[in-house]
Protein chains: 2
Amino acid sequence: MVSNAPDPNPIPDIPEEIAGLRMTRQRQEIYRILIEQRNHPTANEVFMRAKDRLPNISLATVYNCLEALVQHGIIRQVNFERESSRYCPNLREHGHFHDASTGVIHDVDFKPGVNLADVLDLPPGAVIEDIEITLRGKLVAP
Amino acid sequence: MVSNAPDPNPIPDIPEEIAGLRMTRQRQEIYRILIEQRNHPTANEVFMRAKDRLPNISLATVYNCLEALVQHGIIRQVNFERESSRYCPNLREHGHFHDASTGVIHDVDFKPGVNLADVLDLPPGAVIEDIEITLRGKLVAP
DNA sequence: AACTGTAATTGGAATAATTCTTGATATCGT
DNA sequence: ACGATATCAAGAATTATTCCAATTACAGTT
C-alpha cells in the first residue's frame, strides 16, 4: 500500500510537470537519482537506489518511469554492446567513452562547429534522427 | 548424426584457416553467408540461412561460430539499441546508418583523413580500442 | 588405417534483461 | 465526492544469449 499522506521529505527542485510529462512521486525520485549521481546507472541500479526513499517501488515501475522520461526527451538511454541499458540526464548531443579498466563511462562532447556530415560519408538523402557514438578503451597517464 | 563423408558441395574460396582460426565446415558456411548477402543478419537469420546447406546445424553453433569469427577479427558484431546483435563482414572502420523506414542498414565510411580526436572532446589520456557509431533516420529523395 | 588428445558441435536447460498482464491505487476534472 | 483515466505493483512471460554435458570431428602420431 502506498501512502497518500503528504510526503514528509519532498524532493526539491523537480517541478510537477516536465516536457508535458506529469512528474509523479516515482518519476521525480528516479529523475533525481539520475541527476544527483551521473554515473550512467542501469535500471536495476536505479531501482536499488530508489528503494531508499520509496521502499515499495517495483522494478517494473522503474522501467516504466525510465521509459516515460526517455520518451519525453527528459533523459537519454545509452546502450553498450548488449549490456543492460544505462540512463543519462545529459541532453547535450554527446557520445560516451567506456573505460574498460575501471568501467567508468565518460560523456564525450563534440568539438565546437563539428558537423557529422563533414566527417561521415552518409548515404545520399540521409536525414539523421538519432546518433549513438560509443568508444571503448583505456585511460593512460598523459 | 553428422556425416563424415567428403562434402559433395564444397564451399569455394574460403580457406581452411583465417587469422589463425581453423575454418570448420560450419564456420565456412556462416562466413560465406555473411559475405554473400551483406545485409547485417542476426544470429537467427544466419541460422535459418545456414540450414539450407547444413540441415543439422544448431543455433548454439551459429552463436559459437559467430563469436569465434568476431574474436579473430574476421567479422564484426554490430548492435542497435538493445536489438539482437547483427553481423557484418566489412572490416573497414565504419559506422552504420539504420533507415527506420525500410529497416535497411547502410555501412557508413569515414571521409578520408578524418581523425576522431579532431571532432570529439576525448578525456585526456584516452586510448581508443573500439568505436561504434550508429545513426538512425530516414532516406529522403535528394 | 587405428589411436589419442583436443577442439568443435549439438540439443536442451539455464540465465538475464526487459516487457506484458492484471488488479489495485492515485490523480484530475467535474 | 464521483467517475474517467493514468499510474503503479507484483509476478508471469518473453527473448536473446549463454551454459552444460554428451557426442562427434579433426590433426598428429604411429
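B:Asp130 meets the salt bridge (charged side-chain N to carboxylate O under 4.0 Å, His left out) test with no other residue; sequence neighbours excluded. With sequence neighbours left out, the side chain to side chain donor-acceptor pair (under 3.5 Å) criterion links A:Arg76 to no other residue. The salt bridge (charged side-chain N to carboxylate O under 4.0 Å, His left out) test applied to B:Arg27 returns no partner, not counting sequence neighbours. For A:Thr134, the side chain to side chain donor-acceptor pair (under 3.5 Å) test picks out no residue, with sequence neighbours left out. Not counting sequence neighbours, A:Glu17 has no partner by the salt bridge (charged side-chain N to carboxylate O under 4.0 Å, His left out) test.
Listed by first and then second residue, the ring pair (Phe, Tyr, Trp, His ring centres under 6.0 Å) pairs that reach into residues 112-132 of chain A come to none, sequence neighbours excluded. Within the structure, ring pair (Phe, Tyr, Trp, His ring centres under 6.0 Å) pairs that include any residue of residues 53-95 of chain B comprise B:Phe80-B:His98, B:His94-B:His96 (at least two apart or interchain).
In this structure, A:Leu21 places its CG atom 19 Å from P of D:dT5, rounding to the nearest Å. Remark: C1' of D:dT7 and CD of A:Glu67 are 13 Å apart, rounded to the nearest angstrom. Between the NZ atom of B:Lys51 and the C1' atom of C:dG11 there is a distance of 13 Å, given to the nearest Å. Between the CZ atom of A:Arg22 and the C1' atom of D:dC8 there is a distance of 11 Å, given to the nearest Å. C:dA8 atom P lies 14 Å from atom CD of B:Glu16, rounded to whole Å. One atom, CG of B:Asn56, and another, P of D:dT23, lie 17 Å apart when rounded to the nearest Å. Per the geometry, CD belonging to A:Glu45 stands 16 Å off C1' belonging to C:dT18, to the nearest Å. Rounding to whole angstrom units, CD of residue A:Gln28 and C1' of D:dC8 are separated by 15 Å.
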Could you list all N or O pairs between the protein and nucleotides 19-22 of chain D that sit under 3.5 Å apart?
none

Could you list the protein-to-nucleotides 14-17 of chain D atom pairs, N/O on both sides, closer than 3.5 Å?
residue: D:dT17; atom: OP1; partner: A:Arg82; partner atom: NE; Å: 3.3
residue: D:dT17; atom: OP1; partner: B:Ser85; partner atom: N; Å: 2.8
residue: D:dT17; atom: OP1; partner: B:Ser85; partner atom: OG; Å: 3.3
residue: D:dT17; atom: OP2; partner: B:Tyr63; partner atom: OH; Å: 2.4
residue: D:dT17; atom: O5'; partner: B:Tyr63; partner atom: OH; Å: 3.2

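If you check C:dA8, C:dT9, D:dA9 against the side chain of A:Gln26, the one that comes closest is D:dA9. Minimum atom distance to the side chain of A:Ile57 is reached by D:dA9, of the listed D:dA9, C:dA8, D:dT7.
What you find for B:Val62 and B:Ala43 is that their closest heavy atoms are CG1-O, 3.5 Å.
Within the structure, a side-chain polar atom (N or O) of B:Arg27 is placed less than 4.0 Å from OP1 or OP2 of C:dA8.
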Hey, can you pull the donor-acceptor pairs under 3.5 Å for the side chains in residues 111-128 of chain A, sequence neighbours left out?
residue: A:Lys111; atom: NZ; partner: B:Ala117; partner atom: O; Å: 3.2
residue: A:Asn115; atom: OD1; partner: A:Ala117; partner atom: N; Å: 3.2

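Residue A:Leu91 is found outside any hydrophobic cluster, as its side-chain heavy atoms come under 4.5 Å of no other Ile, Leu, Val, Met, Phe, Trp or Tyr.
Note on A:Thr61: a base of the nucleic acid sits closer than 4.0 angstrom, heavy atoms only.
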Open item on the list: Working note: B:Leu69 + B:Met23, criterion side-chain contact (heavy atoms from CB on, under 4.5 Å); need CA distance, chi angles, decisive distance, verdict.
Closed with: CA-CA 9 Å; B:Leu69 293 167; B:Met23 291 301 279; 4.1 Å; yes

- [ ] Treat a base pair as Watson-Crick or G-U wobble with both distances under 3.5 Å, then lay out DNA chain D in dot-bracket form, 5' to 3', with | for cross-strand pairs.
- [x] ||||||||||||||||||||||||||||||

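The closest side-chain donor-acceptor pair between A:Arg82 and B:Gln77, if any, does not fall under 3.5 angstrom.
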